[in-house]
Enquirer: 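Have a look at the structure that comes next, please.
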Amino acid sequence: MPRGKSAPGGNLFYRRKQSWRADEFVNKSTLQLLDFDDGSPPEYAWRRKLSSHANRLKEFNVTFREAFKMMKLGLRLWSYVREEASYGRKAPIDPFTRDSSKPSASQGVPLGGMGTGSISRGFRGEFKNWQITPGSCEMSPVMENQFSIFITREGGSKKYSSVLSPGQHDGLKISSDDGISSWDWKLRGDRSTYHALFPRAWTVYDGEPDPELKISCRQISPFIPHNYEESSLPTSVFVYTLVNTGKERAKVSLVMTWANSIGGLSHQSGGHVNEPFIGENGISGVLLHHKTANNNPPVTFAVAACENQNVDVTVLPVFGLSGESSITAREMWGTMVQGGCFDRDNFNVGPCMPSSPGDAVCAAVSASTWVEPHGRCTVVFALAWSSPEVKFKKGSTYHRRYTKFYGTSPKSAINLVQDALMKYKHWEEEIDKWQTPILRDERLPEWYKITLFNELYFLVAGGTVWIDSEPLMLDADKSSKSSLPEDSDLPLHNSTCNSTVPLIGSSPLDFDDKENVGKFLYLEGVEYFMWCTYDVHFYASFALLDLFPKIELSIQRDFARAVLREDRSRVRFLADGTWGTRKVIGSVPHDLGAHDPWHELNAYNIHDTSRWKDLNPKFVLQVYRDFTATDDMSFGKDVWPAVCTAMEYMEQFDRDDDSMIENDGFPDQTYDAWTVLGVSAYCGCLWLASLQAAAAMARSLGHADYAERCMVKFAKAKHVFEAKLWNGSYFNYDSGTSYSSRSIQADQLAGQWYTASSSLPPLFDEDKIKRTLQKIFDYNVMRVKGGRMGAVNGMHPNGKVDETCMQSREIWTGVTYSLAATMLLHGMEDQAFTTAEGIFLAGWSEEGYGYWFQTPEAWTIDGHYRSLIYMRPLAIWAMQYALSPPRAILEAPKVNTMDRAYISPSALQFLQDSVRKITPKKGCF
């Protein structure tokens, strides 16, 4: 669908019957009974029965040929991983160390806002994937963390008690008769269902464990687009809706148990303290002060419930898991079975003694109520975790974003749960306002609406960090190694862009927060420990631009500053064993670092990314897209010097003065295992698009001469690109002579995708674009299991998958979404949704491979994954961007093909005679 035109009306996009209706999972009468307090799950949601089997996920394997080719890389990588471990650090890429918990198809909606340190929750109720400490992900569930229910019918003739989670969990180990194995794990789960629509989830217990009690648990987190305060809060709310369909009154007690743990074996490290608290507005609970290991900042949990005239709240501040504990898990359970509450005097006991190493300390909060026959009641719990400091391994410490509003005291956790319990209804109203227009759009397939929201899980569970301060501690020598060098001959005046390059603002020590939203980081993936990996952010950034545009502009400012910096420290590149400079001026960094983000860039060290051909064009394209989408002239002016520098840097890769860049015969692009030589479809298309975007931005900022020079280059480069790569139905992978050179690459029109997304004129004739997209659809999509897997990266013209390397034979989830977005932008709606639906079918559907809420970077054609919980699948929001572009894009005046009709003879002669290639000098270029 070309930009600026409205989407077709009616049900053009709608191709499948509604197969996710709530009443296919829950009895209709139960849904009606639970509907009085938003307890009924929504019409559109991802659904599973709690009895569903959580199958093991299968990881990809390299072929013998691939392993042989990567043998030397593997040896160097193994040595590097060991070296980093000797310093107590995690290597950015470590394929050798595996978590003790094997990945399974058990994930659900994570808890909390963004950048708070996340906790995920499986669809069967387990709390897992702990990422409180930056870069650390403890996958195993902490099984002490549960909701349980105790029901006594009036007269005592009927009693029920059970943990509200099925008992067949890997994390449930029978270690002693006094531990949690002594609890009643009676829930079968066949009448209980989970319904997910991020950032909320509903669990409905339809007569389990009491046949006459209907229960709904609604999990709510403050993920609210354009709200830069509440979306940063480390808290979640659990609203229980109870409906008694029986003839007797029922006393119902709900208990939330919580271990003083941040995952793994942290609960056994010792020094942990629990204490009860009574807050305001009837809110009370327990604080759990956790002393972290390895000198990491402490964490305080608050577990609370809200008391009112119908609900009584009591607590058990401390219980243990062994017979040596003063109160054991078995005794805690027995107390609840017998009386349905704890002793109210427990609120007066004060802090407990610090735990001993090897001992686990847990707490319990009970909320009890009477539910009349055919009556209804609501019970609300909240969880918060206060971890005010973020400390990175190489020394820098910051305050998290939420401390701007709640302070840095550990007891701010009390204020967090209080506000959560008071404000959650307002959060839900804001979430409904955001989601309802999309959910009610009848043009859109049901699977798309559900997956669009649920893929946003990554902005919480993707290791996000959101800070709001300058470093609290910083090594004194940082400025000497990672800012602009004293002897740099980079001129103050850049003649190419006719603008001033601000050297003083290029030091990473200057905390630049012009967007007033702090600084934001998210990982490439939980297995790839690098912050804000830029070649992947290129795909994922549409989600941030649409929902949190100030964060997106802040990230772009970080990279703009990085373009003008250098870091002369020496790095060994593991692919070939050579040594080089960590960061070269003019190059866009691959990432913002790992153990000292913003200061030590480029944690990625497989290849020398200063020689990559896609990063600089991607920077220019993202900056221009964000500039036009936000209509923020101040942002445009601030980043313009970096845009000019990034473009000028690329000229060194034009080896033959024809204005088109060439790849250098190694994987110098985001496909970092797929060799490319000469003019390439992927990088060449990005380069063409960046020339056009730079020209458009120059014109907007008043640099007409620069715009004209860019367009002369564009005209020459386009001619070269089409002459060398166009074969009549698509663009060849590259202009070389390898077996891959004529492959059909799914991502070959990435530059055109951004061009159309930014309302710029198409790079090629519309007929060529559509023929290329149709070729990709027919071959890369439909020839892989009938379109039920997504788009394979490489396909030979004979219809066989390109198995040149690991990545050519993979299906990349985010690339499939971006391909679908490109199809939408060119009016190919049916092909677009069929293409993207393959990711849903393989990853999210019940018949698929089980990758919900952990969408990987890639899977093979037999469904084996690589790199779970990955950034790039956020590109599904590029589809929504194509369907509903920002107003600034829709209302922008149409660019007249960059005024290609007239280029002055003098400018044309100048550029044809002297296309200047840049060779880096010492300290600059």
Enquirer: Is the backbone of His399 close enough, under 3.5 Å, to the side chain of Thr403 for a donor and an acceptor to pair up by distance?
Expert: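 Side chain of Thr403 to backbone of His399: no pair is present.
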
Enquirer: Counting N and O atoms only, with roles assigned by atom type, does the side chain of Glu389 sit under 3.5 Å from a partner on the main chain of Arg400, one being a donor and the other an acceptor?
Expert: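 Pair absent, no side-chain N/O of Glu389 close to backbone of Arg400.
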
Enquirer: Salt-bridge test for Glu229 and Arg401: reply yes if a basic N is under 4.0 Å from a carboxylate O, no otherwise.
Expert: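 Salt bridge: no.
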
Enquirer: Just so I know, are the side chains of Asn454 and Phe198 near enough to count as touching, which here means a heavy-atom distance under 4.5 Å?
Expert: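 Result yes, sub-4.5 Å side-chain heavy-atom pair found.
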
Enquirer: Quick one: list whatever passes side-chain hydrogen bond (donor to acceptor under 3.5 Å, both in side chains) with Arg153, sequence neighbours left out.
Expert: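 Arg153 satisfies side-chain hydrogen bond (donor to acceptor under 3.5 Å, both in side chains) with Asp210, Asn244 only.
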
Enquirer: Whether the side chain of Arg218 engages the backbone of Asp38 through a donor-acceptor N/O pair (distance < 3.5 Å, no angle test) should be reported.
Expert: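 Yes: the side chain of Arg218 pairs with the backbone of Asp38.
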
Enquirer: Out of curiosity, Thr257 OG1 to Ile180 CD1, how far, rounded to the nearest 0.5 Å?
Expert: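 Rounded to the nearest 0.5 Å, the OG1-CD1 separation comes to 8.0 Å.
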
Enquirer: Is Val109 close to Arg121 at the side-chain level, that is, under 4.5 Å between some pair of heavy atoms?
Expert: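 When only atoms from C-beta onward are counted, Val109 and Arg121 do not touch, as no gap falls below 4.5 Å.
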
Enquirer: Side chains of Ser366 and Ser253: is there a donor and an acceptor less than 3.5 Å apart?
Expert: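 Result is no, nothing qualifies.
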
Enquirer: Can you tell if the side chain of Gln435 reaches within under 4.5 Å of the side chain of Leu197, non-hydrogen atoms only?
Expert: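 Gln435 reaches Leu197 side chain to side chain.
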
Enquirer: Pairing donors with acceptors under 3.5 angstrom, does anything connect the side chains of Ser386 and Lys411?
Expert: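 No, because no side-chain N or O of Ser386 sits under 3.5 Å from a partner of the opposite role on Lys411.
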
Enquirer: Parallel, tilted or perpendicular, judged at 30° and 60°: which one describes the rings of Phe123 and Tyr194?
Expert: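 Ring orientation, 0 to 90° scale: tilted.
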
Enquirer: Count the heavy atoms of every other residue, nucleotide or ligand shown that sit under 6.0 Å from CD of Glu372, and state whether that count exceeds 12.
Expert: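 Atom CD in Glu372 is packed in, count exceeds 12.
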
Enquirer: Salt bridge (Lys or Arg N to Asp or Glu O under 4.0 Å) for Glu208 and Arg191? Distances and angles first, verdict last.
Expert: CA-CA 7 Å; Glu208 284 191 285; Arg191 286 183 290 162; 5.1 Å; no

Enquirer: I need the minimum non-hydrogen distance between Ile262 and Trp130, along with the two atoms involved.
Expert: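 In this case the closest contact between Ile262 and Trp130 is O-CB, 3.3 Å.
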
Enquirer: Could you check whether Arg48 makes a cation-pi contact with Trp852, meaning its NZ or CZ is under 6.0 Å from the centre of the six-membered ring and within 45° of the ring axis?
Expert: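 Yes, Arg48 lies over the aromatic ring of Trp852.
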
Enquirer: With Asn129 as reference, evaluate Ser118, Pro110, Pro103, Cys137 under the side chain to side chain contact (heavy atoms under 4.5 Å, CB included) test and give the passing residue.
Expert: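 Among the candidates, only Cys137 passes.
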
Enquirer: Mind listing the closest non-hydrogen atom pair of Ile215 and Tyr240 along with its distance?
Expert: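 Minimum heavy-atom separation between Ile215 and Tyr240: CG2-CD2, 3.8 Å.
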
Enquirer: Could you walk me through whether Lys158 and Glu212 pass salt bridge (Lys or Arg N to Asp or Glu O under 4.0 Å), step by step?
Expert: CA-CA 11 Å; Lys158 298 177 184 177; Glu212 296 179 322; 3.8 Å; yes

Enquirer: Donor-acceptor pair, Thr464 side chain versus Leu459 backbone, under 3.5 Å?
Expert: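 Answer holds: yes.
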
Enquirer: Checking salt bridge (Lys or Arg N to Asp or Glu O under 4.0 Å) for the pair Glu307/Arg344: CA distance, chi angles, key distance, verdict?
Expert: CA-CA 13 Å; Glu307 187 169 272; Arg344 293 199 69 87; 3.5 Å; yes

Enquirer: Is Thr203 close to Thr193 at the side-chain level, that is, under 4.5 Å between some pair of heavy atoms?
Expert: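 No, side chains not in contact.
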
Enquirer: Cut-off 3.5 Å, side chains only: do His290 and Thr292 have a donor facing an acceptor?
Expert: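 Checked: His290/Thr292 side chains show no N/O donor-acceptor pair below 3.5 Å.
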
Enquirer: Assess whether side-chain contact (heavy atoms from CB on, under 4.5 Å) is satisfied between Trp844 and Phe853, documenting all intermediate values.
Expert: CA-CA 8 Å; Trp844 289 81; Phe853 300 103; 3.8 Å; yes

Enquirer: Cut-off 3.5 Å, side chains only: do Thr369 and Asn310 have a donor facing an acceptor?
Expert: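 The answer is no; no qualifying pair exists.
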
Enquirer: Donor-acceptor pair, Ser231 side chain versus Tyr228 backbone, under 3.5 Å?
Expert: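 Not at all, since once roles are kept as given, no pair shorter than 3.5 Å links the two residues.
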
Enquirer: Hey, mind stepping through Trp427 and Phe223 against ring pair (Phe, Tyr, Trp, His ring centres under 6.0 Å) and telling me if it holds?
Expert: CA-CA 8 Å; Trp427 296 348; Phe223 183 97; over 10 Å; no

Enquirer: Before we go on, tell me: are the rings of Trp466 and Tyr402 under 6.0 Å apart, centre to centre?
Expert: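 Distance test on ring centres: not under 6.0 Å, no.
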
Enquirer: Return the CG to CG distance between Leu233 and Asn415, rounded to the nearest 0.5 Å.
Expert: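 It is 11.5 Å, given to the nearest 0.5 Å.
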
Enquirer: Which atom pair, heavy atoms only, marks the closest approach of Ala302 to Phe277?
Expert: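 Closest approach of Ala302 to Phe277: CB-CE2, 4.5 Å.
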
Enquirer: Is Lys291 atom NZ crowded by more than 12 heavy atoms from other residues, nucleotides or ligands, each under 6.0 Å away?
Expert: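 Count not over threshold, so no.
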
Enquirer: Keeping Ser266 on the side-chain end and Ser261 on the backbone end, is there a donor-acceptor pair under 3.5 Å?
Expert: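 No.
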
Enquirer: For the atom pair CG (Leu456) and CG (Leu547), what is the distance rounded to the nearest 0.5 Å?
Expert: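 Going from the CG atom of Leu456 to the CG atom of Leu547 covers 6.0 Å.
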
Enquirer: Backbone N or O of Gly113 within a donor-acceptor pair of the Ser221 side chain at under 3.5 Å?
Expert: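 No, because the side chain of Ser221 does not come within donor-acceptor range (under 3.5 Å) of the backbone of Gly113.
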
Enquirer: Are Lys128 and Met139 packed together at the side-chain level, in the sense that at least one heavy-atom pair is separated by less than 4.5 angstrom?
Expert: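 No, their side chains stay 4.5 Å or more apart.
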
Enquirer: Classify the ring geometry between Phe147 and Phe381 as parallel (under 30°), tilted (30 to 60°) or perpendicular (over 60°).
Expert: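 Perpendicular: the ring planes of Phe147 and Phe381 meet at over 60°.
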
Enquirer: Give a yes or no answer on whether the side chain of Trp333 reaches the backbone of Thr328 with a donor-acceptor pair at less than 3.5 Å.
Expert: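 Absent.
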
Enquirer: How long is the gap from CG on Leu33 to NZ on Lys214, to the nearest 0.5 Å?
Expert: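 One gets 7.5 Å once the value is rounded to the nearest 0.5 Å.
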
Enquirer: For the atom pair CD (Gln219) and CZ (Arg200), what is the distance rounded to the nearest 0.5 Å?
Expert: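 Taking CD in Gln219 and CZ in Arg200, the distance rounds to 11.5 Å.
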
Enquirer: Please confirm whether the backbone N or O of Leu187 pairs with a side-chain atom of Ser162, one donor and one acceptor, at under 3.5 Å?
Expert: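 Checked: pair present.
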
Enquirer: Where does the angle between the aromatic ring planes of Trp185 and Trp183 fall among parallel (under 30°), tilted (30 to 60°) and perpendicular (over 60°)?
Expert: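 Rings of Trp185 and Trp183: parallel, as their planes differ by under 30°.
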
Enquirer: Taking atom types as modelled, find out whether Asn227 and Glu230 have a side-chain donor-acceptor pair closer than 3.5 angstrom.
Expert: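 There is such a pair (donor and acceptor under 3.5 Å, judged by atom type) between the side chains of Asn227 and Glu230.
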
Enquirer: Which pair of non-hydrogen atoms, one from Val286 and one from Ala364, has the smallest distance, and what is that distance?
Expert: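 Val286 and Ala364 have their closest heavy atoms at CG2-O, 4.3 Å.
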
Enquirer: Measuring only between side-chain heavy atoms, which start at C-beta, is Val252 closer than 4.5 Å to Cys377?
Expert: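 No. Closest side-chain heavy atoms not under 4.5 Å.
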
Enquirer: Considering non-hydrogen atoms only, spot the tightest contact between Ser192 and Tyr205 and give its length.
Expert: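 Smallest heavy-atom distance, with atoms named: OG-CD2, 3.4 Å.
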
Enquirer: Decide yes or no on salt bridge (Lys or Arg N to Asp or Glu O under 4.0 Å) for Lys425 and Glu428, but give the supporting numbers first.
Expert: CA-CA 5 Å; Lys425 290 186 177 180; Glu428 290 196 280; over 6 Å; no

Enquirer: Side chains of Asp184 and Tyr160: do they bring a donor and an acceptor to under 3.5 Å?
Expert: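 No donor-acceptor contact under 3.5 Å links the two side chains.
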
Enquirer: Can you tell if the side chain of Leu383 reaches within under 4.5 Å of the side chain of Val417, non-hydrogen atoms only?
Expert: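 No, too far: nothing below the 4.5 Å cut-off.
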
Enquirer: Any side-chain to backbone donor/acceptor pair from Ser355 onto His272? Under 3.5 Å, distance only.
Expert: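 Looks like yes, one N/O pair under 3.5 Å.
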
Enquirer: Do Val313 and Phe342 make a side-chain contact, defined as non-hydrogen atoms from C-beta onward lying under 4.5 Å apart?
Expert: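 Counting from C-beta outward, Val313 and Phe342 never come under 4.5 Å.
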
Enquirer: Do you know the tightest heavy-atom contact between Glu248 and Pro373?
Expert: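 Of all heavy-atom pairs spanning Glu248 and Pro373, the closest is C-CG, 3.8 Å.
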
Enquirer: Atom CG of Asp468 and atom NZ of Lys404: how far apart are they, to the nearest 0.5 Å?
Expert: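 With rounding to 0.5 Å, CG (Asp468) is 4.5 Å from NZ (Lys404).
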
Enquirer: Test side-chain contact (heavy atoms from CB on, under 4.5 Å) on Val379 and Leu242; report intermediate values, then the result.
Expert: CA-CA 8 Å; Val379 176; Leu242 309 172; 4.2 Å; yes

Enquirer: Is the ring centre of Trp46 less than 6.0 Å from the ring centre of Phe453?
Expert: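 When the ring centroids of Trp46 and Phe453 are compared, they turn out to be at least 6.0 Å apart.
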
